[in-house]
Amino acid sequence: MPMPAELRPNLAAFKAFLFDLDGTLTYPSGPVPGAAEVIGALKNLGKAVAVVTNNSRLSRSELAATLRRYGMPLAEKQVVTAVTATARFIADRRPGARVLVVGSPGLRAELAAHGLALVDAPPADYVVTGVDRQLSYEKLARAAEAILGGAAFVAVNVDRFIPTETGRLPGAALVVGALQAVVGRPPDAVIGKPGPGLILEACRTMEVAPEETILVGDSLVTDLPAARAAGTAFGLVLSGLSSRRDLAAADRPDYVFENLNELLWALGTSVAPG
Ligand SMILES: [Mg+2]
């Protein structure tokens, strides 16, 4: 439920600001207008800032480097990806667990870096799914057997598509859908948005409570439910996936911004637009 307008705090009252990446701070072709100014203004105000992204193709250091190139001076630890959050989720629950991965080399590396034991065949404690460019019948068959044999089914995210410079490609839902159809149940946990895991991990990293945090994102389908599930406020920017027309049908965000310049103005650090 959105907050009633009279209870909605001034934007500047939030201690921490989380930003979605694709369609909010960046496009495949470059930065979203106003992104560098917003990040700079929040830094000047002494706010905690982090980026939370379902992106599982690039490492945190690669993402941080891209953001710096676009004028957003963010450190690696201020970038929280669904891959990192997934590794921590499993390592916290079962240190050294056996994990069967259907996903990218980057996902495998992150799981191994958290002390988890990668296995290529059942038995496994966890099956973790992401985007896998080397997907095969054999890999899916081994993953399905592992889940049917008792492994927990954990999805990094369930995005249908990933945006690229040359158009969209199928996302992690491709693997989840195939496995789900065979094992007869959806994933036991979805770490990325619309699940709460990524947002909670970012709050933990920044040492802030969800109630003093706002997520800013462009999707009513993934960002808004993630914010609600984690207990943060949600501000929609109309620079990406969701439009004003979608608002009528959806759970209403706590804030709606035409673009990042309007958010900057709402922070009280810029002159009124127009
Ligand atoms: Mg987005």
Side-chain angles (χ1 to χ4, degrees), residues 16-36 38-39 42 49-60 62-64 66-67 70 72 74 78-86 130-131 155-174 176 190-203 213-230 232-247 249-264:
F17 288 72
L18 303 180
F19 288 90
D20 165 59
L21 192 60
D22 292 322
T24 301
L25 295 181
T26 62
Y27 292 129
S29 55
V32 170
V38 165
I39 299 298
L42 289 170
V49 176
V51 169
V52 288
T53 175
N54 276 4
N55 187 313
S56 62
R57 290 152 287 148
L58 296 173
S59 71
R60 301 165 74 199
E62 288 168 326
L63 288 167
T66 301
L67 289 166
Y70 291 166
M72 291 169 255
L74 294 166
Q78 289 173 285
V79 179
V80 183
T81 73
V83 166
T84 313
T86 300
V131 173
V156 173
N157 68 60
V158 288
D159 291 354
R160 291 172 63 211
F161 297 106
I162 49 181
T164 79
E165 226 163 314
T166 49
R168 70 187 186 187
L169 288 172
L174 190 68
V176 170
V190 176
I191 305 300
K193 300 170 284 186
L198 186 56
I199 311 300
L200 293 174
E201 169 69 10
C203 290
T213 302
I214 181 168
L215 171 68
V216 178
D218 71 317
S219 171
L220 291 168
V221 178
T222 56
D223 297 320
L224 181 142
R228 294 280 183 255
T232 70
F234 178 64
L236 178 74
V237 279
L238 297 167
S239 52
L241 291 172
S242 296
S243 67
R244 221 171 258 288
R245 200 166 348 121
D246 302 321
L247 282 170
D251 174 10
R252 287 195 61 89
D254 303 306
Y255 304 83
V256 179
F257 307 106
E258 199 62 47
N259 50 45
L260 287 175
N261 289 323
E262 203 176 287
L263 190 157
L264 200 58

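We count ligands from 1, going down the list as the structure has it; atoms in each ligand are counted the same way. These numbers come from a predicted model, not from an experiment.
In terms of distance to the Mg ion (ligand 1), the nearest N, O or S atom of Asp20 is named OD2. Checked against the Mg ion (ligand 1), the N, O or S atom of Asp22 at the shortest distance is O. Residue-level check: among N/O/S atoms of Asp218, OD1 sits closest to the Mg ion (ligand 1).
The distance from the Mg ion (ligand 1) to the nearest N/O/S atom of Asp223 is not under 2.8 Å.
Scanning for side chain to side chain donor-acceptor pair (under 3.5 Å) contacts around Asp20 gives Thr24, Lys193, with sequence neighbours left out.
Atoms CZ and CD1, on Phe234 and Ile214 in that order, are 8.5 Å from each other to the nearest 0.5 Å. Between the SG atom in Cys203 and the CG atom in Leu18 there is a gap of 5.5 Å [rounded to 0.5 Å].
In this structure, the side chains of Val38 and Leu264 come closer than 4.5 Å at one or more pairs of heavy atoms.
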